[in-house]
Chemist: 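The structure under discussion is supplied below as structure tokens; questions concerning it will follow.
When a ligand or atom number is given, it counts from 1 through the structure's own listing order.
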Amino acid sequence: MLNLNSYEAVNWNRPSSELANVFWKQQTKQYWLESEVAVSKDILKWKSFEHQDTYRKVLGGLTLLDTIQTNIGMNQISEHITDLQEKAVLTLFGAMEAIHARSYSYIFTTLCSNQEIDEVFEWIKSNPYLQYKASKISEQYQGIVDKVTLWKAMFSSVLLESFLFYSGFFYPLYLAGQGMLKNSAEIISLILRDEALHGVAVGYFAQNVFKEFDENTQTELKLWGYQFLLDLYDNEMKYTEELYSDIGLSAEVKKYVRYNANKALMNVGFDKMFDDENIDPIVMNGIRTDSVTHDFFSQKGNSYTIAKVKAITDETFRF
Ligand SMILES: [Fe+2]
Ligand SMILES: [Fe+2]
């Protein structure tokens, strides 16, 4: 009997999406678990660290974003795209998001008391800037009804992966560059490496969806995209101010946020909107400078350099 709604099986032997296999292989190649990193080696330094509160809030904010990306982002986008290989790639990414969200808890468990942990999770629920970005992005994830809204959700996902994480990533990387809490920063480096891949991959899938639109729709979506980014950028500036002004780092973090906003735009094939600025090379590279237990693909540097964003080319996919 003919079943008109027959279920189709994913067939990796016949490529259906040009780069799905490349993204899959890269994600599996860089697979990791939080238990592989010896965060307990940070305990001694943590005890005398004077900005514990900022650090906890930074990790708290990151946990919220990774939770949304696990439970809503990757699921919703995967649900609404049709290519079975791309669906599989997004599901694999989703699993990594769950590992990321759990990793922050691993750092909390190792360094903080139960009361401190409970307090930061309460703070997450009440911080207006964190809640604002969570709701703006989730709204797009939950509003997918057609190709246009699918593209908007993909665009939002790239903003989260390539832009909104970085006000948080900055601090652990910056501290590690000064020899502080280096093992916790290694977890952040591993997360950052995944998010870099996710931003490029979802950005690439989004560009393929975008190409199918007529010129008018493309113009409208471009305008919508820049406005959406600017709205989140304003919010991000306030969040950065609240988190970092007391410790004198807000100007540095804001530069890093702008750099990554440009990167998000380039990932979806749009022109960047902020000027190039000097970023601390340790933070830029997102790596530890010694005793690295994982092999990072980031470039290295040891002096202040001009941070330049590159457009996606064939080179981008040669991981
Ligand atoms: Fe993540
Ligand atoms: Fe991600």
Chemist: For the Fe ion (ligand 1), which N, O or S atom of Glu97 is at the shortest distance?
Modeler: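 Of the nitrogen, oxygen and sulfur atoms in Glu97, the Fe ion (ligand 1) lies nearest to OE1.
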Chemist: What is the name of the N/O/S atom in His198 that sits closest to the Fe ion (ligand 2)?
Modeler: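 This turns out to be ND1.
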Chemist: For Lys125, is there an ion pair with Glu122 - N to carboxylate O distance below 4.0 angstrom?
Modeler: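 A salt bridge is present here (some side-chain N lies under 4.0 Å from a carboxylate O).
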Chemist: With the Fe ion (ligand 2) as the reference point, give the N/O/S atom of Glu195 that is nearest.
Modeler: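 The closest N, O or S atom of Glu195 to the Fe ion (ligand 2) is OE1.
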Chemist: If you consider just the N/O/S atoms, which atom of Asp66 is the closest one to the Fe ion (ligand 1)?
Modeler: OD1
Chemist: For the Fe ion (ligand 1), which N, O or S atom of His100 is at the shortest distance?
Modeler: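 Going by distance to the Fe ion (ligand 1), the closest N, O or S atom in His100 is ND1.
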Chemist: Strictly distance-based, threshold 3.5 Å: is any side-chain N or O of Gln85 a donor or acceptor partner for the main-chain N or O of Asn11?
Modeler: yes
Chemist: Of all N/O/S atoms in Glu161, which lies nearest to the Fe ion (ligand 2)?
Modeler: OE1
Chemist: So Thr63 and Phe121, do their side chains get closer than 4.5 Å, heavy atoms only?
Modeler: yes
Chemist: Return yes when atom OH of Tyr174 has more than 12 non-hydrogen atoms of other residues, nucleotides or ligands closer than 6.0 Å, and no otherwise.
Modeler: no
Chemist: Mind checking whether Tyr132 and Leu243 sit in one hydrophobic cluster, side chains of I, L, V, M, F, W, Y counted as touching below 4.5 Å?
Modeler: no
